[in-house]
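Structure record follows, encoded as structure tokens.
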Amino acid sequence: MKKDNAAVLLKVSDVKVGYGGIQAVKGVSLEVREGELVSLIGSNGAGKTTTMKAITGLLPLGGGHIELAGKTIDGQGPWDLVQQGLAMVPEGRGVFTRMTIVENLQMGAYIRDDNAAIAEDI
């Protein structure tokens, strides 16, 4: 359910992403508002992971625009975006398999220095 008065946290406008000469994502647009849970669904090879990698700075944009909390983040690296609170959480084979679940969660908080709040969040 869309909350019209809720702040837009993430706005993705007509994002295009390519690999070499192949255009993998051809104009994705979406908004995530405060308090919403948004899913990106599609069949294998539809461009879901590519879209997420572009949003989180892991792949360059071939076109379009991305805003985080009203500020453009186009061209920023993942290290910059993590400090702003935007990160991609890998699935299954993308986690540190030799680490426990708690250790993986602690890795996600590596830029934080509020140990009590980190423990509470975990």
Side-chain angles (χ1 to χ4, degrees):
M1 186 169 139
K2 195 172 195 177
K3 298 177 182 180
D4 292 329
N5 59 348
V8 175
L9 300 177
L10 179 67
K11 184 174 183 178
V12 176
S13 304
D14 197 31
V15 162
K16 297 172 181 67
V17 187
Y19 293 102
I22 299 170
Q23 190 171 5
V25 175
K26 303 175 183 177
V28 170
S29 297
L30 60 92
E31 286 186 358
V32 180
R33 294 177 179 269
E34 187 174 358
E36 284 186 328
L37 176 64
V38 176
S39 297
L40 182 59
I41 59 173
S43 60
N44 289 346
K48 302 176 299 294
T49 300
T50 299
T51 299
M52 296 306 296
K53 285 182 175 182
I55 292 170
T56 57
L58 293 166
L59 288 174
L61 295 179
H65 182 70
I66 303 171
E67 294 179 11
L68 180 63
K71 298 177 186 168
T72 187
I73 60 169
D74 300 351
Q76 292 187 33
W79 50 89
D80 297 319
L81 298 175
V82 165
Q83 291 184 343
Q84 296 173 59
L86 181 65
M88 185 165 147
V89 178
E91 49 89 21
R93 41 185 201 272
V95 297
F96 300 104
T97 56
R98 293 187 177 166
M99 294 170 59
T100 67
I101 292 170
V102 171
E103 289 169 338
N104 270 275
L105 292 171
Q106 289 169 332
M107 286 295 295
Y110 79 92
I111 64 167
R112 293 174 57 181
D113 60 6
D114 53 340
N115 292 335
I118 292 169
E120 184 178 324
D121 288 347
I122 289 175

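Only heavy atoms go into these numbers, but all of them, side chains included; no hydrogens, no water, no symmetry mates.
Considering all non-hydrogen atoms of both residues, Asp74 and His65 come closest at OD2-ND1, 2.8 Å. Leu61 and Ala54 get closest at one heavy-atom pair: CD2-CB, 3.9 Å. When every heavy atom of Leu58 is checked against every heavy atom of Pro78, the shortest pair comes out as CD2-CG, 3.7 Å. Closest approach of Val28 and Val12 over heavy atoms only: O-CG1, 3.6 Å. Closest approach of Thr50 and Ala24 over heavy atoms only: CG2-CB, 4.2 Å. Looking at every heavy atom in both residues, Ile55 comes nearest to Ile66 through CA-CD1, 3.7 Å.
Note that CD of Glu120 is 10.0 Å distant from CG of Asp114, once rounded to the nearest 0.5 Å. Distance check, rounded to the nearest 0.5 Å: CG of Asp121 to CD1 of Ile118 gives 8.0 Å. Between Leu68 atom CG and Thr56 atom OG1 the span is 11.5 Å, to the nearest 0.5 Å. For the atom pair Arg33 CZ and Asn5 CG, the distance stands at 8.5 Å (nearest 0.5 Å). The distance from the CD atom of Glu31 to the CD atom of Glu36 is 8.5 Å, given to the nearest 0.5 Å.
Side-chain atoms of Thr100 come within 3.5 Å of backbone N or O of Glu103 as a donor-acceptor pair. Here the side chain of Ser13 pairs no donor or acceptor atom with the backbone of Gly64 at under 3.5 angstrom. A donor-acceptor pair under 3.5 Å is absent between the side-chain atoms of Lys53 and the main chain of Leu59, judged by distance alone.
Taking a 4.5 Å side-chain heavy-atom cut-off between Ile, Leu, Val, Met, Phe, Trp and Tyr, the cluster of Ile41 contains only that residue.
Note: the hydrophobic cluster containing Met107 does not contain Val102 (ILVMFWY, side chain heavy atoms under 4.5 Å, direct or indirect links).
Between Gln76 and Gln84, some side-chain heavy-atom pair lies under the 4.5 Å cut-off.
Counted within 6.0 Å of NZ on Lys11, heavy atoms from surrounding residues, nucleotides or ligands total 12 or fewer; the atom is thus considered open.
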